[in-house]
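Order of listing sets the numbers, starting from 1, for every ligand and every atom in it.
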Amino acid sequence: MHMYDLESFYGPNAGYVLEQFERYQQDPSSVDPVTRAIFATWHPEDILVPFAGTRGGGEEDVSHAVAAFALAHAIRERGHLGAHLDPLGSPPLGDPALLPETYGIRDEDLASLPPEVVGGHAAEGARNALEAIATLRAMYSGTISYEFDQVKSPRERRWLRDAVGLHLYRNAPSPASSRKLLQRLTQVEVFERYLHQTYPGQKRFSLEGTDVLVPMLDEIIDGAIESGSNEVIMGMAHRGRLNVLAHVFEKPYAAILAEFAHQKHEEGVPLTDTFGFGYTGDVKYHLGAEHLLGEGAAVNLKIILAPNPSHLEFVNPVIEGMTRASQEISNAPGMTVQNVDRAVPILIHGDAAFPGEGIVAETLNLWRLRGYWVGGTIHIIVNNQLGFTTEPEDSRSTHFASDLAKGFEIPIIHVNADDPDAALTAVRLAYAYRDDCHKDILIDLVGYRRWGHNEGDEPAFTQPQMYEIIRKHPTVRQLYAQHLERDGIIAPGEADTMVKDAFAVLEQAKHEADNSLPPVEQDESNGLNGHHEESDAPPAVTAEQLTTYNTELLTWPEGFSPNSKLARLLQRRATTLGPEGGIDWGQAESLAFASILADGTPIRLTGQDTERGTFSHRHAVLHDERTGEVYVPLQHLSQARAPLAIYNSPLSEGSVLGFEYGYSVHAPDALVLWEAQYGDFANVAQVIIDQFISSGRAKWRQKSSLVLLLPHGYEGQGPDHSSARLERYLQLAAGNNWRVANCSTAAQYFHLLRQQAFDLQRNPHPLVIMTPKSLLRHPLATARLKELTRGTFQPVIDDQVALTHATTIRRLVLCTGKIAIDLLANESRARAEDVAIVRVEMLYPFPADGLKRVLASYPKVREVVWVQEEPRNMGARSFISPQLASLVPSGIEVSVVSRPERSSPAVGFFDLYQAEQEQIIAEALRSSVKQYGGKHVH
Ligand SMILES: Cc1ncc(C[n+]2csc(CCOP(=O)(O)OP(=O)(O)O)c2C)c(N)n1
């Protein structure tokens with residue numbers, strides 16, 4: 001819906017127009033057909049109460065005025081459909097709404113109308129409507145164009161229209177700035193040409209065709225320096241990355257050339273595992289970079305390019321999370337304080353990937369959410385009109401690559417990449433909008449790709465006509481040089497000299513590279529090289545401390561009353577620290593969090609419905625039953641020295657998990673936890689798990705201490721709410737990349753969280769926890785106070801009862817997580833006197849020593865049985881079996897009790913589930929070793 005300010009558009013004719021509109025509303029046939037057609041597009045409530053204007057003018061005047069207004073409106077709204085965006089010269093889509101004849105007017109008619117009928121800034125200084133329309137076309141249908149109508153805020157729309165109409169960001173380029181720009185374009189082009197001729201066929205993913213990206217990034221960085229930001233954090237894919245590294249990040253040419261020359265082990269990557277920390281490296285166009293701008297005391301901006309995998313667009317949420325971490329000040333208790341001016345995120349997209357990969361939409365959806373807002377991201381689509389060999393018609397269902405962003409109310413600027421001044425205008429406007437409105441904005445930089453997708457690729461196989469045009473098309477540097485020469489800003493031949501000089505610099509760098517050893521970048525201080533895996537345990541928390549936390553967690557402000565049933569439930573926690581115990585999972589978690597905050601470690605916890613907890617076990621955020629006001633007890637602890645942030649996430653896994661990964665990487669001092677609604681939903685974020693969390697350290701030396709809380713356990717809820725797919729996390733475990741735990745008691749969970757917080761600085765690693773559902777309140781899983789104040793996390797829990805008669809034990813049942821409680825709680829447990837039930841609480845790193853000790857304490861064991869609820873091809877079985885084979889002395893049989901191999905993790909019928917579960921327990925607890933031969937159930 002649009003607002004029509006009649007007076008500003010029609011000036012003296014406004015009164016008459018309104019009168020006509022009123023007549024039309026009563027009887028559409030009372031006005032002429034053209035006027036009728038235009039009025040049909042108006043909405044009465046959109047007409048700003050206009051005027052007490054002069055009435056007058058004839059009917060024809062009015063229809064012309066109305067037509068001119070409609071034309072002007074169409075240009076503002078759809079001018080981009082007529083814009084000249086393609087450097088290769090393809091015609092714009094066009095729209096009849098942009099043509100005067102559609103409204104029954106001619107240029108002569110427009111020339112006879114006052115400019116006010118066009119209104120807005122275009123009318124300023126125009127002598128008539130024709131001139132004003134021409135100005136408007138230049139604004140909206142030139143080599144730069146805008147789409148703003150999706151922006152809902154009238155203030156922002158006005159801001160954007162003013163920015164365009166008043167040319168606020170179209171700096172008239174000075175001769176000096178034009179030369180500087182030409183110099184930059186020369187560096188960009190020559191870098192690519194030099195690599196092309198020196199290392200023919202080697203992949204570099206040339207930027208040529210969208211070269212202006214580099215000066216655009218320069219401009220954003222200048223803006224960030226001016227705004228006093230601390231960091232600019234960028235995510236981009238392969239295209240142009242080396243060029244950006246060389247020029248924006250000032251990575252020395254020699255270093256890049258050396259990487260091209262020394263293709264093997266380019267950063268001293270070990271061939272063997274002798275380095276111990278599992279660093280395996282990545283190809284050069286995935287690596288990240290950091291660069292400090294300025295010198296000495298004047299250093300005030302760090303620019304960061306995050307490393308990313310080949311998986312296009314998945315770095316987007318990671319950048320958002322890193323940015324949020326950079327913007328938050330976490331040194332005071334309560335709620336984190338955010339300053340969005342501290343860090344500016346930039347995301348660079350591909351034109352095929354942006355509309356195609358769902359993670360883009362998931363990430364765009366974060367922009368306004370309080371747990372994820374970063375004060376606006378500057379997006380640039382590097383639009384080369386191809387995705388590998390695929391053309392837009394086969395790649396997206398929308399006309400523009402950017403259309404997806406419109407659904408998120410993000411303003412869009414389209415710009416032709418062969419017009420560098422326009423591209424810089426676009427980026428200045430984008431920066432100012434972010435600075436002022438603190439919102440995302442997108443630039444669709446339309447260019448082309450001079451070579452194939454990579455440089456070994458022949459594009460003429462698939463796009464013969466396009467590449468015929470590209471072959472003949474001058475580069476943006478050539479075009480800009482010609483333009484400057486024509487205008488007398490550079491002397492003839494000066495541009496060629498720039499090119500020669502740029503080549504010379506590269507030649508010199510090559511000389512250095514050829515005479516250097518392969519670069520070895522071993523950062524001893526990164527905590528991975530030679531780190532100690534066996535970390536110490538955190539100091540114990542005293543009973544007094546826990547009692548104080550507990551009391552404060554249950555003390556709400558005067559007059560604050562949560563739902564009365566909930567209040568009663570929570571107040572039960574007041575007694576559980578007594579001798580009778582009963583501290584359940586949720587309470588243990590809040591006590592752990594309280595103690596971690598008291599130790600000075602900030603906490604961030606997010607996930608779907610995490611504030612309450614999917615299983616209604618957490619209630620970290622309380623709601624007053626009368627006012628709806630919220631109260632977060634963990635933010636009001638007298639001993640806390642750090643803030644706690646807790647948010648319900650949007651219904652996404654990929655973007656939110658990527659966000660938390662980025663946050664944890666960039667806030668290494670914070671305990672960052674993400675909770676899946678049910679563990680199996682985490683596979684929606686599989687790329688983030690595979691490409692970042694499990695392997696980021698090996699590929700990029702990126703350290704994260706992210707905790708994944710994944711509800712897991714067979715309770716008869718069917719195929720999709722039972723298994724968190726433990727097997728996947730174990731399969732990805734290697735080189736101490738992370739920890740995978742499946743703990744069976746609230747006390748263990750308490751200690752595990754404290755251990756993770758304690759390890760943040762000393763031994764950072766992600767932690768995957770299979771969290772329970774039925775165990776959340778199971779009496780056998782609850783803790784007593786002394787279990788929290790004494791001891792630490794135990795990777796293996798031995799069977800204390802069996803130990804009292806260790807020599808009578810014949811069978812050792814090993815298991816992990818909830819099935820252990822099912823076994824211990826089963827009525828036949830007491831009769832299985834020769835069975836010990838031992839819990840493996842930490843699956844990776846595999847606690848081989850702990851298990852050896854356990855085995856040694858049962859000298860008469862004849863069989864070790866791995867018992868799991870999951871089908872045989874799932875769960876921990878395939879990980880555990882080889883471990884046990886090498887651990888268990890020969891002569892002792894090793895077998896497995898599980899559900900049979902299945903393609904679906906759990907059955908959908910409750911009775912069948914129950915029968916299976918009973919059978920697993922019966923098999924596990926059967927006391928005579930040789931009776932059954934340790935087969936899986938079926
Ligand atoms: C998730 C994912 N799927 C597929 C690919 C393989 N792939 C690499 S580049 C590319 C085309 C990308 O096109 P576009 O987004 O336009 O970027 P451009 O390479 O043209 O800059 C494809 C399909 C990938 N890297 N990531």
Side-chain angles (χ1 to χ4, degrees), residues 85-88 188 192 203-214 216-217 234-245 282-287 306-318 346-364 379-405 414 417 442-459 461-463 466-467 470 653-655 657-658 683-692 695 699:
L85 300 174
D86 180 6
L88 304 180
V188 170
E192 299 287 359
K203 279 188 198 175
R204 68 176 195 282
F205 299 107
S206 155
L207 185 60
E208 289 155 282
T210 45
D211 313 40
V212 73
L213 177 70
V214 167
M216 286 168 81
L217 293 174
M234 278 174 53
M236 72 182 296
H238 50 282
R239 177 80 45 220
R241 194 175 176 108
L242 295 181
N243 214 312
V244 167
L245 284 173
D282 201 346
V283 293
K284 51 187 165 293
Y285 40 85
H286 288 168
L287 300 177
N308 61 269
S310 189
H311 293 54
L312 295 168
E313 305 287 347
F314 279 84
V315 77
N316 299 357
V318 178
I346 307 174
L347 286 179
I348 297 169
H349 311 274
D351 55 302
F354 187 81
E357 295 293 347
I359 191 71
V360 175
E362 282 190 43
T363 308
L364 293 178
H379 300 267
I380 302 174
I381 298 181
V382 175
N383 184 346
N384 55 27
Q385 308 190 56
L386 282 175
F388 207 147
T389 65
T390 302
E391 297 184 20
E393 291 73 23
D394 291 325
S395 187
R396 60 177 185 260
S397 294
T398 55
H399 180 68
F400 289 103
S402 52
D403 284 341
L404 170 76
H414 303 280
L442 185 146
I443 299 171
D444 175 24
L445 175 69
V446 186
Y448 58 93
R449 193 185 70 195
R450 184 155 290 278
W451 311 105
H453 172 65
N454 62 57
E455 289 64 32
D457 220 49
E458 176 48 83
F461 289 164
T462 46
Q463 276 75 35
M466 184 185 202
Y467 273 82
I470 291 175
E653 284 76 22
S655 69
L657 186 56
N683 64 9
V684 179
Q686 201 64 49
V687 177
I688 301 293
I689 293 165
D690 291 347
Q691 257 55 35
F692 291 90
S695 59
K699 294 188 295 190

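Atom 2 (C) of ligand 1 lies below 4.0 Å from at least one non-hydrogen atom of the protein. Protein non-hydrogen atoms do not reach within 4.0 Å of atom 6 (C) of ligand 1. There is a protein heavy atom less than 4.0 angstrom from atom 10 (C) of ligand 1.
Near Glu357, meaning under 4.0 Å from one of its heavy atoms, ligand 1 places the atoms 1 (C), 2 (C), 3 (N). Taking a cut-off of under 4.0 Å to the non-hydrogen atoms of Ser310, the atoms of ligand 1 that pass are 24 (C), 25 (N), 26 (N). For ligand 1, the atoms lying closer than 4.0 Å to a non-hydrogen atom of Ala352 are 13 (O), 14 (P), 15 (O), 16 (O). The ligand atoms of ligand 1 that sit less than 4.0 angstrom from a heavy atom of His311 are 1 (C), 26 (N).
In plain terms, the two heavy atoms of Pro317 and Thr363 that are nearest each other are CD-OG1, 3.4 Å. Residues Gln385 and Pro87 share a closest heavy-atom pair of NE2-CD, 4.3 Å. Nearest approach of Ala352 to Gly387, heavy atoms of both residues: CB-CA, 3.7 Å.
Residue Asn384 places a heavy atom under 4.0 Å from ligand 1. Ligand 1 has His238 within reach: a non-hydrogen atom of the residue lies less than 4.0 Å from it.
Taking each of Gly387, Gly209, Ala353, Pro309 in turn, the one with a heavy atom nearest to atom 15 (O) of ligand 1 proves to be Ala353.
Using a 4.0 Å cut-off between heavy atoms, Leu386 contacts ligand 1 through its backbone alone, with no side-chain atom that close. Neither the backbone nor the side chain of His349 has any atom closer than 4.0 Å to an atom of ligand 1 (non-hydrogen atoms only).
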Report task. Check the pair His311 / His286 against ring-ring contact (aromatic ring centres under 6.0 Å, His included), numbers first and verdict last. Result -> CA-CA 10 Å; His311 293 54; His286 288 168; 9.0 Å; no
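Ranking protein heavy atoms by distance to atom 22 (C) of ligand 1, first place goes to Leu312 CD1, 4.0 Å. Residue, atom and distance of the protein heavy atom nearest to atom 21 (O) of ligand 1 are Arg239 NE, 2.9 Å. Regarding atom 17 (O) of ligand 1, its nearest protein heavy-atom neighbour is Gly350 CA, 3.8 Å. The shortest contact between atom 16 (O) of ligand 1 and any protein heavy atom is with Asp351 OD1, 2.8 Å.
A salt bridge links Arg204 with Glu192; the closest basic N to acidic carboxylate O contact falls under 4.0 Å.
Each of Asn308, Val360, Leu347 was scored for a side-chain contact (heavy atoms from CB on, under 4.5 Å) with Glu313, with one residue passing: Val360. For the ring-ring contact (aromatic ring centres under 6.0 Å, His included) test with Phe205, the passing option among Trp451, Tyr285, Phe388 is Tyr285; the others fail.
In this view, Tyr448 and Arg450 satisfy the side-chain hydrogen bond (donor to acceptor under 3.5 Å, both in side chains) rule, not counting sequence neighbours.
Ring pair His238/His453 is perpendicular by interplanar angle, where above 60° counts as perpendicular and below 30° as parallel.
Using a 4.5 Å heavy-atom threshold, the side chains of Ser655 and Ile359 count as touching.
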